[in-house]
Amino acid sequence: MKYHPIDNTLFIKNRKKFMAQMKPKSIAVFNSNDIYPISADSGMPFQQHRDIFYLSGIDQEESMLLLFPDAHKEKHREVLFLKETNEHIAVWEGAKLNKEEAFRVSGIKTVYWLQDLEKVFYEIMADCDTVYVNTNEHYRAKVETQTREDRFTLWWKSKYPAHSVAKSNPILQRLRSVKDPIEIDLIQTACNITEKGFRRVLPFLKPGVWEYNLEAELLHEFINNRSRGFAYTPIIASGNNANILHYTENNQQCKEGELVLLDTAAEYANYSSDLTRTIPVSGRFTQRQKEVYQAVLAVKKEATAMLVPGTIWEDYHVEVGKLMTSQLLALKLLDKADIQNENPEWPAYKQYFMHGTSHHIGLDTHDYGLLAEPMQANMVFTVEPGIYIPEEGFGIRLEDDVVIQEKGNPINLMKNIPIEAEEIEELMNA
Ligand code: GLY
Ligand code: MN
Ligand code: MN
């Protein structure tokens with residue numbers, strides 16, 4: 001891991017909050033992700049499942065966390081199962097957590113090696129009635145592979161069919177959506193690394209630079225600052241590529257007069273940041289580009305002010321739609337007739353702004369959060385309106401990450417990342 005150790009009181013508190021929601025005589029289990037194989041002996045780089053990380057800080061494959069608040073053996077209230085390591089194994093396989101290190105990271109005293117799982121699990125299952133299973137119920141999830149978690153669920157259900165099942169996911173969705181100050185600091189660190197990358201790119205971009213050159217500059221800065229790299233697949237989209245919302249080829253040349261949309265941000269310690277800026281290849285916006293840019297920026301500023309405790313995500317989107325509609329009228333992209341004839345299911349503004357304005361962000365870029373419940377202080381959201389105009393050859397999106405406050409406007413974790421058109425031009429021409 002490239003990141004500095006995290007204060008383990010975060011994970012201790014997270015487990016306490018989770019266990020407070022569990023039924024009597026129940027256990028909850030959380031598994032690591034698999035290392036996805038490529039072919040022959042190679043595999044994809046490991047990325048920890050965010051739930052076991054949130055509850056333990058363990059950032060290693062083949063790990064399992066078991067919580068059992070009512071265990072009559074106190075040592076079984078919180079248990080880790082890890083892949084065995086010792087000095088000999090370490091020489092061949094590289095350093096893995098030993099039991100003391102696992103305790104230091106997680107605050108969990110009881111650590112077994114994985115080969116003891118069946119024996120210990122047997123004893124625990126005889127003592128509990130309900131097992132909390134961690135299914136993925138994220139509103140955007142689309143998973144085709146069987147995860148280690150799924151395999152574990154199939155395994156214990158075949159052995160212990162008489163136990164009841166309960167769901168971990170709604171508890172985690174609610175807990176993870178409200179961030180601890182330690183988490184906000186980690187997200188701020190990710191945002192600060194993102195800022196360094198963006199400032200590196202501003203004077204670097206010139207006509208003739210390729211989109212992948214920008215990707216390389218960003219990655220250089222991210223890794224040099226202890227990030228693993230991009231928090232999500234980077235979108236570096238010049239000209240009309242910006243109008244393909246999920247453009248990730250990043251293989252075209254940036255041309256004089258075009259804009260480049262950079263939806264590129266760093267992770268830090270598994271926490272995401274999520275930034276979008278749209279900048280002119282030649283260092284100056286045209287008048288029309290600037291007009292559209294200011295419209296997007298105005299919607300972003302007004303939308304941000306609506307992120308306060310009590311706001312409902314869906315209502316917020318309706319209100320942002322109204323703001324966007326008035327900007328599109330002023331830009332003459334829509335006229336009154338478009339609005340009068342609009343389909344309420346797909347309002348006219350969606351021709352130019354077809355995605356959501358905000359999502360929760362944290363350990364996942366599109367983080368957990370129960371969208372039907374009102375917003376609360378210490379939730380972290382993106383704000384990311386855009387206007388996409390294929391017929392004019394450009395698309396503009398601007399995106400920052402903000403923390404909801406008890407009172408007043410949210411705090412912008414990206415307030416130091418240049419966004420005003422004039423400042424962008426100045427830095428590009430310095
Ligand atoms: N980069 C993904 C998003 O903005 O939601
Ligand atoms: Mn983004
Ligand atoms: Mn986003």
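All residue numbers in this chain count up from 1 along the given sequence. Order of appearance sets the numbers: ligands from 1, and atoms from 1 within every ligand.
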N, O or S atom of His366 closer to the Mn ion (ligand 3) than 2.8 Å: no

Using a strict cut-off of less than 4.0 Å between a Lys/Arg side-chain nitrogen and an Asp/Glu carboxylate oxygen, indicate whether Lys179 and Asp185 qualify as a salt bridge. no

Asp274: its N/O/S atom lying closest to the Mn ion (ligand 3) (atom name): OD2

Looking at Asp263, which of its N, O or S atoms is the nearest one to the Mn ion (ligand 2)? OD1

In Glu399, the N, O or S atom nearest to the Mn ion (ligand 3) is which? OE2

Heavy-atom cut-off of under 4.0 Å around ligand 1: list whichever protein residues fall inside it, by chain and number. Tyr232, Asp263, Asp274, His359, His366, Glu384, Glu399

Ion pair present between Arg104 and Glu100, side-chain N to carboxylate O less than 4.0 angstrom? no

Look at Arg284 together with Glu426 and state whether they make a salt bridge at an N to O cut-off of under 4.0 Å. no

Minimum-distance atom from the Mn ion (ligand 3) among N, O or S atoms of Glu384: OE2

Specify whether Trp155 and Phe121 have parallel, tilted or perpendicular ring planes, treating 30° as the upper limit for parallel and 60° as the lower limit for perpendicular. tilted

side-chain hydrogen bond (donor to acceptor under 3.5 Å, both in side chains) between Tyr232 and Asp274, intermediate numbers included: CA-CA 8 Å; Tyr232 50 87; Asp274 189 0; 2.9 Å; yes

Heavy-atom side-chain proximity of Gln253 to Glu211 below 4.5 angstrom: no

Within-4.5 Å side-chain heavy-atom neighbours: Leu67 and Arg77: no

Aromatic plane relationship, Phe381 with His360 - under 30° parallel, 30 to 60° tilted, over 60° perpendicular: tilted

